[in-house]
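Only a predicted model underlies this, so the values are computations on that prediction, with no experimental measurement involved.
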Amino acid sequence: MPHLVGYAPPMGLECSMGAQCKAKNGSKIALGELCLASLQVDNVATAWRHWECVSKTQEATLRKKYTISGLNHLEGYLSLVDVDKARVQKRLGLAELSASMEPDLTSRAQSTNAHDAIPGQPSSASSIKAEDEPEGRGPESTSHSMPTSAPTSGFAYYLSEPQKPWSRLAAGPSSDVSPEGLKDLGNLNYRKEAYEIAVSYYTQAIGEPPSLPRTPELYVTATDHWSGTRPGLDLKPDPIFFSNRAAALIMLKLFKPALDDCQVAALLSHHAPYYKTLARLAKCHLALGNPKAALEAAQASIDCDSPASVDNPSLATKAFAKLMQQHLDRYADAWERNAWAEAKQSLSEAVAMCEGGSPAEWCVWGVEIAMAGCNWPEAAAAANTALELHPNSASVQTASALVSLFGNRVFACVFSLHAALRLEPGHLRAETLLLRVEAIIRAQQAGDRFFLAGQFIDASMKYTDALDILGSAEEEGRGGYLRVALLGNRAATYLQMKRFDLARDDGLAALSVPNHPWRFEVLDKLARCYIALGDPDAALEQVNAALEIDPLEQDMLALQSATKTMRSDLQQSRASWDRKEWLDAKQALLRAIAGCTGDCPIQWRIWTVEAEVATMNWDGAVRAAEALAELHPIPHALGLLGLAKMLSNDLKSCLEPLQSALRLDSKDVLASRTLYRAREIERLKGEGEEAFKSGKYSDAVEKYTDALNIIGSDEESGKGGYLRAVVLANRAAALLSMGRPARAFADVVISLDLQPMSLKALHTHASVRMAQGFYEEAVTIYAETRKVWMAGERDAAEGRMIAQGWQDAEAALKSSQSKDYHGILRRV
């Protein structure tokens, strides 16, 4: 199980040791205490304990794991302050794998290797070498014996390391040597490339006291009030001592202490600084990534060197500083344009010119570029490198926290932020980010609780809050892995709510974040959303992409088969529709719809209404149209509802949806045409009925015929539906009243084919057969009519008419049995 070492977040943690906890303040882990967390595979902390409570078994496990790789690979170790790093090292008996970024002066090889080990450090700027030999006044002195080992000292080196005691400074082999003599010994060793020994002699020549101010400016002010540590040294140190020591430190690649020495030398001789001092100052600024200061110092060196020397190193330094500034300007411009690759290239070219290691600010830029490009492994590597170079930089710790946050390692992010605030209390970016992270944690944990409780709406709202706080800014890698995880959580709640459209949108948003490790899972959910929404082509695209990742995943192969089946059903449905095989088209469409566990596409619902109309299932057509209009109240859906109601002979209620459709879109073709037809049919049908009641049968037939022409008999429209059946039955009654039973028979047969259970059509059919002399058939039809009436609303007037007709048919049948049928037939 992986582990994480760091500072306790404000989460009210309890030590996992419980009653056996060794902490003085009980088992509660206080905010900021050093602790060890056990992690699951997904980087979720499950057990916490004080550092003092780490067991012998855990010690052995950690020691075994990091003996080879080094403590730098222990999660959270690089975010610790130096004191706590020492605690971890002492407890485990291990050390960091890489060399210190500020090597001890006792070993030139170590210091050189430490510089070379820094990833991305340049060699191109080595052409600006410190070839200028340290200044000397008078002949070289060789009467002093050389020490066997070099004392480890240096003003600026120890100035930048406050935790190292002054006791480490050696007094030197000869306490009776003058400062000038010590300087000469330093020059001699410099020429022999024994730079560490040269540094020790220059330090003794300076005669630094055991209590030093923290800045070069305060240091120079303090020299007005102290005497040197050597007897008889009562004057300020010679600025050349500092300049020479800076030259030796430059050769050791220790540019920060060399910069401090150059600044002290320049301040001590501010009236007439030596041009070599300014040249070295320029070189240090350039090596430490400050091209503007390098340009200023180089130009000052050139101005002081009069007449100008062609070998003045400031000429080359100035050219390199200009080039470095150009790279930085191009980086800033590319960043503003969100051209991340171009910004990375420009920054890399500037970094390559820094012999002294990238400045903390540049390291942060490198991390930010990797995040903006969504290259999370590179961002993590850049953050680790930055922590190795600048372990005491709050800005670097904050940048590392951002990488942890967007890498979905939230608790590691909290540890890094607390480390940043320990280094620099009140660091604005760290404080702001900490508040943001704590708000995300609260919202995410609340969403998890609601989800487990089955309160999916509340869960989705909390996940939305977390996503809003996180954001999706491009310069922050669109929210990174954490945004993908939160989108996945919210999509899971939407799936539980059957809101497949919202789950699909979250899946697409997750896919827009590149290079995350859950691409297969996102594609799986997205494919299922598309199937639920009835888009097999899009679903198959996601399935195929997932199978490219894992070609043998059985569930995905089954999903691919189901998707292909749905697409085949749709294709078969449309092909059958084109062949006017309405029932086959409807059945294939219903099979495809059955595969949708969510809201199928609106076009499928439109096709469903059209299929019900074409197969003359009028109740089903109205229900499907009502469902469509309720879910999608668009003009076309409302127009279909009006059409279905009109064809089902509901002329009154069909007007309302048609008028609503035209209010939404006055130019909708289906709604406007259907509304016109409904009004004309209702008018003609009414006029026909009035004519029939007035005994104007010929006029009635004419009106009914006009109405039938408007209704039409297209198969796609269900051959006119119940409406055509009713009008045909009316015209049959009028034709029968005109004494034209044969034409009436033709109309009533079509009417019954369209609406077999129509009482009016059945009654007219029986009357027609009576008029044609088919009494026995008329009796049978009346019996069937009686059954239909009994199963319906049983209107009394209709019942009496049917009973009377049935009685007349039976009487006619009985009477006809004694008649001369041959004569009757001849007369007919």
Side-chain angles (χ1 to χ4, degrees), residues 102-115 126 128-161 164 168-208 212 228-230 233 237-266 268-269 274 276-277 279-281 283-284 287 313 355-356:
E102 294 182 353
D104 197 293
L105 292 175
T106 56
S107 172
R108 181 186 176 198
Q110 287 181 2
S111 63
T112 304
N113 291 340
H115 171 71
S126 60
I128 319 176
K129 59 185 179 178
E131 73 286 342
D132 47 311
E133 182 181 298
E135 298 92 342
R137 290 188 291 210
E140 297 179 359
S141 174
T142 59
S143 61
H144 308 286
S145 61
M146 297 297 296
T148 57
S149 63
T152 58
S153 62
F155 155 68
Y157 179 63
Y158 283 93
L159 195 66
S160 63
E161 295 288 333
K164 294 185 179 180
R168 289 192 58 188
L169 293 179
S174 302
S175 61
D176 58 345
V177 181
S178 68
E180 282 292 331
L182 291 169
K183 184 205 73 172
D184 290 340
L185 283 173
N187 290 351
L188 177 62
N189 281 280
Y190 183 95
R191 295 189 190 97
K192 293 182 178 181
E193 298 184 0
Y195 301 118
E196 299 91 341
I197 300 176
V199 167
S200 70
Y201 279 120
Y202 294 138
T203 301
Q204 294 175 70
I206 293 170
E208 295 169 328
L212 297 176
T229 58
R230 293 185 57 77
L233 182 60
D238 192 325
I240 288 181
F241 297 170
F242 289 95
S243 183
N244 286 6
R245 187 169 69 177
L249 290 169
I250 287 173
M251 299 307 295
L252 292 171
K253 306 293 185 183
L254 298 174
F255 294 101
K256 182 62 175 71
L259 175 67
D260 292 339
D261 276 357
C262 289
Q263 290 175 333
V264 170
L268 289 172
S269 57
Y274 192 41
K276 286 189 177 181
T277 299
R280 291 167 185 150
L281 180 62
K283 183 173 183 178
C284 290
E355 289 185 275

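- Summarising the geometry, atom NZ belonging to K256 is positioned 11.5 Å from atom CG belonging to L249; distances are rounded to the nearest 0.5 Å.
- With 3.5 Å as the limit, one finds no donor-acceptor pair spanning the side chains of Y201 and N187.
- Formation of a donor-acceptor pair under 3.5 Å by the R245 side chain with backbone atoms of D261 is not found in this model.
- A donor-acceptor pair under 3.5 Å is absent between the side-chain atoms of Y195 and the main chain of A248, judged by distance alone.
- Closest approach of F255 and C284 over heavy atoms only: O-SG, 3.8 Å.
- Counting only distance, with no hydrogens or angles, the side chain of S243 and the backbone of P239 share no donor-acceptor pair below 3.5 Å.
- For the atom pair CG (D184) and CG (N244), the distance works out to 9.5 Å, reported to the nearest 0.5 Å.
- Counting heavy atoms from C-beta on, the side chains of Y202 and F242 never come closer than 4.5 Å.
- If you take CD on E193 and CG on L252, they are separated by 11.0 Å, rounding to the nearest 0.5 Å.
- Counting all heavy atoms, side chain and backbone alike, K183 lies closest to A205 at N-CB, 4.1 Å.
- Taken to the nearest 0.5 Å, the CG atom of L182 stands 8.0 Å off from the CZ atom of F241.
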